[in-house]
Amino acid sequence: MVTIILVSNSNKEVIYKFLDGNDNYKGQITVNKVDLSYKLKDKEKFTNSYETQAYRLVKRCIQLNKYPSTASKGWG
């Protein structure tokens, strides 16, 4: 499970930090609202399922034009 927490939301991009199922910090992702490109805080590419799942969840928020302060998604 991954939980995203809103850090910043502008017209251009949205930034969420993400946590694992035990509320341990796993990273931060910035996603461009126009082209859905992403930037991880400390890496260039996804290296684990938390990063991938956080990106999918943020991408869905952008598609719905809804930016909750927190959201979670399980592995199912």
Side-chain angles (χ1 to χ4, degrees):
M1 183 173 120
V2 68
T3 298
I4 59 172
I5 299 172
L6 184 64
V7 173
S8 175
N9 182 13
S10 69
N11 290 336
K12 180 181 172 185
E13 62 190 17
V14 64
I15 303 171
Y16 277 93
K17 69 178 179 178
F18 50 97
L19 313 174
D20 66 13
N22 295 318
D23 292 334
N24 296 312
Y25 177 82
K26 290 297 185 182
Q28 182 172 297
I29 189 166
T30 302
V31 182
N32 182 293
K33 291 182 177 180
V34 175
D35 64 10
L36 301 178
S37 61
Y38 69 89
K39 181 180 178 195
L40 296 168
K41 186 173 183 178
D42 300 319
K43 302 176 189 174
E44 289 188 30
K45 297 187 178 198
F46 297 140
T47 59
N48 61 57
S49 58
Y50 296 107
E51 295 160 355
T52 304
Q53 194 69 355
Y55 174 71
R56 290 178 182 156
L57 192 50
V58 173
K59 187 170 80 168
R60 185 68 178 143
C61 291
I62 292 169
Q63 291 167 339
L64 295 172
N65 197 31
K66 305 278 185 199
Y67 304 96
S69 57
T70 61
S72 296
K73 175 96 171 127
W75 300 131

In the hydrophobic clustering that connects Ile, Leu, Val, Met, Phe, Trp and Tyr at side-chain heavy-atom distances below 4.5 Å, which members other than L64 occupy its cluster, ordered by chain and number? none
Sorted by chain and number, sequence neighbours left out, side-chain hydrogen bond (donor to acceptor under 3.5 Å, both in side chains) with T30 holds for none
Restricting to pairs with a member in residues 43-57, which pass salt bridge (Lys or Arg N to Asp or Glu O under 4.0 Å), not counting sequence neighbours? K43-E51
Is the cationic atom of K33 (NZ for Lys, CZ for Arg) positioned less than 6.0 Å from the six-membered ring centroid of Y67 and within 45 degrees of its normal? yes
Just grab all the side chain to side chain donor-acceptor pair (under 3.5 Å) pairs involving residues 11-23, residues at least two apart or on different chains. D20-N24
Rounded to the nearest 0.5 Å, how far does CD of Q53 lie from CD1 of I4? 10.0 Å
Residues sharing L19's hydrophobic cluster, by side-chain heavy-atom contacts under 4.5 Å among ILVMFWY, directly or via others? I5, Y25
Restricting to non-hydrogen atoms, name the atom on I29 and the atom on V31 that form the minimum distance, rounded to 0.1 Å. CG1-CG2, 4.0 Å
Check side-chain contact (heavy atoms from CB on, under 4.5 Å) between K59 and all other residues, then give those that pass, not counting sequence neighbours. L36, Y55, Q63
Contacts of type side-chain hydrogen bond (donor to acceptor under 3.5 Å, both in side chains), residue T52, not counting sequence neighbours: none
Applying side-chain hydrogen bond (donor to acceptor under 3.5 Å, both in side chains), can you list everything that pairs with S37, at least two apart in sequence or on another chain? D35
Once side-chain hydrogen bond (donor to acceptor under 3.5 Å, both in side chains) is applied, do any residues pair with K26, and if so which ones, sequence neighbours excluded? none
Nearest 0.5 Å please: distance from the CG atom of L57 over to the OG1 atom of T3. 8.5 Å
Is the side chain of Q28 donor-acceptor paired with the backbone N or O of I15 at a distance under 3.5 Å, no angle test? no
Before giving the answer on side chain to side chain contact (heavy atoms under 4.5 Å, CB included), spell out for F46 and L40 the whole-Å C-alpha distance, their side-chain angles and the decisive distance to 0.1 Å. CA-CA 8 Å; F46 297 140; L40 296 168; 3.9 Å; yes
